[in-house]
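The basis for the numbers below is simple: all heavy atoms, side chains too, and nothing from hydrogens, waters or symmetry mates.
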Amino acid sequence: TVRRAIQRAHPHADVVRAAYGQIAHYERVNTPKVDPDVFVAGDVVEDLTYLLAELMDNATRFSPDDTQVTVQAHQVTDAVYIGITDAGSGMSPQTLAEARAVLARPGVLDRRTAEQMGLPVAAAIARHLGITIELESSRGCGTRVTVILPKTLLTPAPAPTPASAEVEVGSKSRATGSPAGWVSSC
């Protein structure tokens, strides 16, 4: 395959949309809160889209078919936080520790990680781009993956053109008292 470098900056809301557009159960992804004013450098758009698609696919595969996966993103100081939260049964402490180990050392595959192929792939891309991925999970409340994009992957918004218009992403939803103000099922 031939990879083309994307030269212009893209709103990270477009990257989120492109990512869930690549997964089988895209209709289960809800994006109630994605900051439209944050732009990602063009040269990382393709890899970032693939990383997010892998994580969203995991979230839809490891949660009940009748539930939503919520993706939220916002900028805090010099980073963008993208949260992907499923409504699954959550991970056991041992499984969570194993998943975190995969994130800490991408490229290591064993029988367990082969079942969750998206995580090692996402970890390898994250390491390459300087992205941090964090996992939180609790029994009965699902799992949240937080992808932290460093300032080096962000770029200023391009100068507005007359044809540009603000795009609303997703549906409105209630915010909780979580530190990031993200929607939560628990």
>> Between Glu46 and Tyr50, is there a side-chain donor-acceptor contact under 3.5 Å, judged purely by atom types and distance?
In response: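 No, no side-chain donor-acceptor contact under 3.5 Å.
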> Is it true that the side chains of Thr31 and Arg17 contain a donor and an acceptor less than 3.5 Å apart?
Replying inline: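 Arg17 and Thr31 do not have a side-chain donor-acceptor pair below 3.5 Å.
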>> Before you tell me yes or no, could you show the steps for Met56 and Val16 under side chain to side chain contact (heavy atoms under 4.5 Å, CB included), namely the whole-Å CA-CA distance, both residues' side-chain angles and the distance that decides it to 0.1 Å?
In response: CA-CA 10 Å; Met56 289 180 203; Val16 168; 4.1 Å; yes
Side-chain contact test, heavy atoms from C-beta onward, threshold under 4.5 Å: evaluate it for [X] versus [Y] and give yes or no.
{"X": "His74", "Y": "Val34", "answer": "no"}
{"X": "Ile84", "Y": "Leu52", "answer": "yes"}
{"X": "Asn30", "Y": "Val71", "answer": "no"}
{"X": "Thr70", "Y": "Pro32", "answer": "yes"}
{"X": "Leu135", "Y": "Thr146", "answer": "no"}
{"X": "Glu134", "Y": "Val145", "answer": "no"}

> Knowing that exactly one of Thr67, Leu55, Val69, Asn58 qualifies, which makes a side chain to side chain contact (heavy atoms under 4.5 Å, CB included) with Asp86?
Replying inline: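 That would be Val69.
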> Does Ala97 have any side chain to side chain contact (heavy atoms under 4.5 Å, CB included) partners at least two apart in sequence or in another chain, and if so, which?
Replying inline: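 If we apply the side chain to side chain contact (heavy atoms under 4.5 Å, CB included) test to Ala97, skipping adjacent residues, there are no hits.
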>> Could you work out, with side chain to side chain contact (heavy atoms under 4.5 Å, CB included) as the rule, every residue matching Ala53, not counting sequence neighbours?
In response: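 Ala53 satisfies side chain to side chain contact (heavy atoms under 4.5 Å, CB included) with Ala19, Gln22, Ile23 once adjacent residues are dropped.
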Name all residues meeting the side-chain hydrogen bond (donor to acceptor under 3.5 Å, both in side chains) criterion together with [X]; count only those two or more places apart in sequence or in a different chain, and write none if there are none.
{"X": "Thr132", "answer": "none"}
{"X": "Tyr26", "answer": "none"}
{"X": "Ser137", "answer": "Thr143"}
{"X": "Glu27", "answer": "none"}

For [Y], is there any backbone N or O sitting under 3.5 Å from a side-chain donor or acceptor partner on [X]?
{"X": "Arg127", "Y": "Ala104", "result": "yes"}
{"X": "Thr95", "Y": "Met91", "result": "no"}
{"X": "Arg28", "Y": "Ala59", "result": "no"}

Identify every side-chain donor-acceptor pair in residues 149-158 under 3.5 Å, counting partners at least two apart or on other chains, and give the distances.
none

